[in-house]
Amino acid sequence: MKRRAFLKLGTAGSSTLFFPSLVKAAKSVEADVVVVGGGVAGLSAAVAAAQKGMKVVLVEKNRELGGNTWISGGYYSAVNPELQKPMGINDSFELFYEQTLAAGKRKNNPKLARIMCFESLNSVKWLESMGMQFHPIVMESIGALWPRCHKPLLPDGQGFIRTLSGEAYKLGVRLFFNTSLIDLLKNDRGRISGAVLRGSDGKTLLIEATHGVILAAGGFGGNLAMVAQYNPSLKDATTDNVPSVSGEVLKIAARHGVALDDMDQVECLPGCPKGRTLRIRFHVDVPRFVLVDSSGNRFIREDSPRDELRDALLNAPGRIAFTIVDQEGYKSFSSHIQRDAVLGVESGDAFISDTLEGLAEQIRVPPGNLIKTIETYNEGVRLKKDVLGKHETKLLYEIKKPPFWAGIAGITVHSTLGGVRIDENTRCLSDENTVVPGLFAAGEITAGVHGANRVGGNGLLDAVVFGRVAGEKAAQGI
Ligand SMILES: Cc1cc2nc3c(=O)[nH]c(=O)nc-3n(C[C@H](O)[C@H](O)[C@H](O)COP(=O)(O)OP(=O)(O)OC[C@H]3O[C@@H](n4cnc5c(N)ncnc54)[C@H](O)[C@@H]3O)c2cc1C
């Protein structure tokens with residue numbers, strides 16, 4: 001943007017709904033596009049806008065980039081025949097789209113779901129063009145419903161952040177850390193024209209954005225009070241989210257006339273029960289584990305959609321279950337998952353024994369039941385016919401190589417599926433579906449893509465695909 005144009009717009013023509021005095025008092029910075037949030041959605045948006053020649057500022061509340069993306073499993077859904085065909089996996093964009101809608105109970109915005117699914121391979125190629133590396137296989141993470149999850153070479157979600165932040169750096173994106181969005185600026189034509197920010201030193205900063213502000217501040221899964229406010233059935237749940245993903249940006253958007261949808265739709269996974277903090281992740285690879293309740297019996301197919309797993313866990317006695325794997329399963333997991341399991345044995349969150357009987361005694365389930373459950377499951381694997389109906393393509397591994405492992409599986413909040421309403425161009429919309437000009441959003445802060453239930457591996461995909469759309473559309477100044 002030209003300096004003269006910025007001066008003409010100036011801060012004098014802007015207003016903020018809640019902090020009018022700040023507009024006059026604060027120091028201001030110029031930008032074409034301001035991105036709020038330094039997870040994968042914000043970084044994708046920042047890179048995409050900078051690739052279009054925009055002067056971009058990204059603000060992040062924490063002292064480092066990453067958000068939930070950094071600690072995520074990194075599983076990334078995409079149709080990719082080059083990897084899937086050699087593994088004998090048939091897939092198509094249509095199948096992916098249909099599964100995404102069916103899993104979401106068709107409460108998804110079909111246009112958004114379609115863009116995400118059909119852009120999945122392009123998004124992999126886009127990431128790879130910047131140096132992102134994936135293992136040359138696909139797998140099926142919990143609730144993913146099909147083997148199409150790409151697994152980054154770097155642990156967890158680190159590869160996305162390292163790749164995109166490197167590119168952002170090359171493109172000259174300016175990063176502000178320890179800086180939170182507290183309000184939005186609006187010009188006298190009613191367009192969102194910038195951001196009001198507060199640093200951890202308490203100082204206020206204004207950034208005027210000629211082309212737009214992109215909200216990519218994640219969901220509200222780190223704020224359990226807000227989760228319970230919208231979904232009281234989860235009042236005793238723990239969370240696996242980072243604390244900074246706390247939902248205040250949703251409230252700021254709502255104050256500026258943006259509709260919030262599906263706020264009660266919260267995805268949960270096996271995780272820490274109340275009072276515990278270490279999460280044992282034996283559930284990440286669907287063919288590798290079985291889930292048993294406190295009587296030692298399986299109570300749901302492990303390849304069920306995530307909402308069904310959540311509801312089954314909520315109804316299990318004591319809201320507790322156990323994930324069981326054998327040593328082959330343990331060896332197949334990433335070093336971070338193995339590390340947590342070893343720590344878990346010390347802290348009482350995981351258990352290990354040379355026999356199933358010994359394992360049953362440790363987790364206090366009737367040994368005869370657990371042994372019978374595993375024998376029946378193994379027979380199902382051999383016959384490719386599971387008593388609970390786990391699909392034959394996931395009946396790959398018997399649980400038979402000692403030592404045997406168990407992880408405590410309570411109910412933990414994993415992602416929030418509701419948030420700000422957007423259109424296909426990621427423009428924020430009001431309750432009446434009118435565009436809130438100048439304001440865009442992408443990633444977990446948005447509603448509509450996943451409907452009532454998210455397919456495993458679609459969270460990161462959603463954030464990359466729509467982060468990129470947001471950056472490009474903001475650059476067009478629409
Ligand atoms: C433990 C865990 C494992 C997961 N595993 C997977 C997986 O394997 N595959 C998958 O697809 N999905 C997974 N998910 C979900 C996925 O990680 C998220 O959906 C995705 O990372 C969201 O990206 P985002 O950029 O929208 O948000 P985030 O990555 O959470 O980034 C949001 C950023 O905004 C910042 N922020 C918040 N408020 C403000 C503010 N006021 N001002 C400035 N900055 C602010 C936050 O500090 C944060 O850094 C997992 C989630 C968790 C918690």
Side-chain angles (χ1 to χ4, degrees), residues 34-46 58-78 116 120 139 141-144 148-152 155-157 160-161 164 175-184 195-200 213-223 239-253 267-269 271-272 279 281 283-285 306 334 336-337 340 412-417 419-420 441-446 449-450 454-467 470:
V34 176
V35 179
V36 180
V40 72
L43 282 165
S44 298
L58 183 149
V59 296
E60 166 55 51
K61 178 158 85 173
N62 283 336
R63 65 191 170 118
E64 53 203 10
L65 297 168
N68 272 345
T69 305
W70 183 263
I71 61 159
S72 75
Y75 304 109
Y76 191 91
S77 299
M116 178 186 71
S120 59
M139 40 93 67
S141 89
I142 189 167
R148 61 169 78 91
C149 285
H150 292 56
K151 176 99 185 93
D156 300 338
F160 298 95
I161 300 300
L164 287 160
L175 301 175
F176 286 68
F177 293 101
N178 293 316
T179 305
S180 298
L181 181 82
I182 57 167
D183 204 356
L184 294 164
V196 185
L197 308 164
R198 177 151 304 148
S200 54
V213 175
I214 300 173
L215 304 179
F220 56 100
N223 181 344
T239 180
D240 63 16
N241 283 213
V242 294
S244 67
V245 174
S246 46
E248 72 272 14
V249 176
L250 286 160
K251 295 178 189 166
I252 295 170
E267 183 184 68
C268 297
L269 278 187
C272 302
R279 186 163 172 247
R281 291 178 284 165
H283 58 263
V284 290
D285 192 357
R306 289 180 171 191
S334 74
H336 283 196
I337 296 177
D340 290 347
T412 201
V413 168
H414 188 65
S415 345
T416 47
L417 307 181
V420 303
E444 200 174 322
I445 195 170
T446 63
V449 181
H450 310 291
R454 177 166 76 70
V455 170
N458 279 11
L460 295 166
L461 172 66
D462 163 19
V464 173
V465 167
F466 287 104

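Note that ligands are numbered from 1 as they come in the structure, with each ligand's atoms numbered from 1 the same way.
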How far is [atom] from the closest protein heavy atom, and which atom is that?
| atom | result |
| --- | --- |
| atom 52 (C) of ligand 1 | His414 CE1, 3.5 Å |
| atom 25 (O) of ligand 1 | Ala41 N, 2.9 Å |
| atom 42 (N) of ligand 1 | Leu181 N, 3.0 Å |
| atom 26 (O) of ligand 1 | Glu444 N, 2.9 Å |
| atom 15 (C) of ligand 1 | Arg454 NH2, 3.5 Å |
| atom 27 (O) of ligand 1 | Gly218 CA, 3.5 Å |
| atom 30 (O) of ligand 1 | Asn68 N, 3.0 Å |
| atom 45 (C) of ligand 1 | Lys61 CB, 3.7 Å |

Ligand 1 and [X], any nitrogen or oxygen pair closer than 3.5 angstrom?
| X | answer |
| --- | --- |
| Arg279 | no |
| Ala463 | no |
| Val245 | no |
| Asp240 | no |
| Leu460 | yes |
| Glu248 | yes |
| Ser244 | yes |

What's the spacing between [X] [atom1] and [Y] [atom2] if we round to 0.5 Å?
| X | Y | atom1 | atom2 | value |
| --- | --- | --- | --- | --- |
| Thr416 | Asn241 | OG1 | CG | 7.0 Å |
| Ser141 | His150 | OG | NE2 | 13.0 Å |
| Asp156 | Asn68 | CG | CG | 12.0 Å |
| Glu248 | Phe220 | CD | CZ | 12.5 Å |
| Leu269 | Arg281 | CG | CZ | 11.0 Å |

Any side-chain heavy-atom pair from [X] and [Y] closer than 4.5 angstrom?
| X | Y | result |
| --- | --- | --- |
| Lys151 | Tyr75 | yes |
| Phe466 | Val449 | yes |
| Leu65 | Leu175 | yes |
| Val34 | Leu181 | no |
| Val464 | Tyr76 | yes |
| Leu197 | Phe176 | no |
| Phe160 | Leu43 | no |

Does either side chain, that of [X] or that of [Y], offer a donor lying less than 3.5 Å from an acceptor on the other one?
| X | Y | value |
| --- | --- | --- |
| Arg279 | Thr412 | no |
| Ser246 | Lys61 | yes |
| Asn458 | His450 | no |

I'd like to check which ligand 1 atoms, numbered from 1 as shown, lie under 4.0 Å from a non-hydrogen atom of [X].
| X | result |
| --- | --- |
| Val40 | 23 (O), 25 (O) |
| Gly66 | 29 (O) |
| Gly73 | 3 (C), 4 (C), 5 (N), 6 (C), 7 (C), 8 (O) |
| Gly443 | 26 (O) |
| Val36 | 42 (N), 43 (C) |
| Gly67 | 29 (O), 30 (O), 31 (O), 48 (C), 49 (O) |
| Gly457 | 9 (N), 10 (C), 11 (O) |
| Tyr75 | 7 (C), 8 (O), 9 (N), 10 (C), 11 (O) |

Report the part of [X] in contact with ligand 1, treating N, CA, C, O as backbone and CB onward as side chain, heavy atoms under 4.0 Å; options are side chain, backbone, both, neither.
| X | result |
| --- | --- |
| Cys149 | neither |
| Asn458 | backbone |
| Thr179 | backbone |

Would you say Thr179's side chain and Phe177's backbone share a donor-acceptor pair under 3.5 angstrom? yes

Run Ser120 and Val465 through side chain to side chain contact (heavy atoms under 4.5 Å, CB included) and show every step you take. CA-CA 7 Å; Ser120 59; Val465 167; 5.8 Å; no

Does Ile445 come within less than 4.0 angstrom of ligand 1, counting non-hydrogen atoms of the residue? no

Nearest candidate to atom 32 (C) of ligand 1, where distance is taken over non-hydrogen atoms, out of Gly221, Pro243, Gly37, Ala217: Ala217

If you compare Thr69, Leu197, Leu58 by their heavy atoms, the one closest to atom 23 (O) of ligand 1 turns out to be Thr69

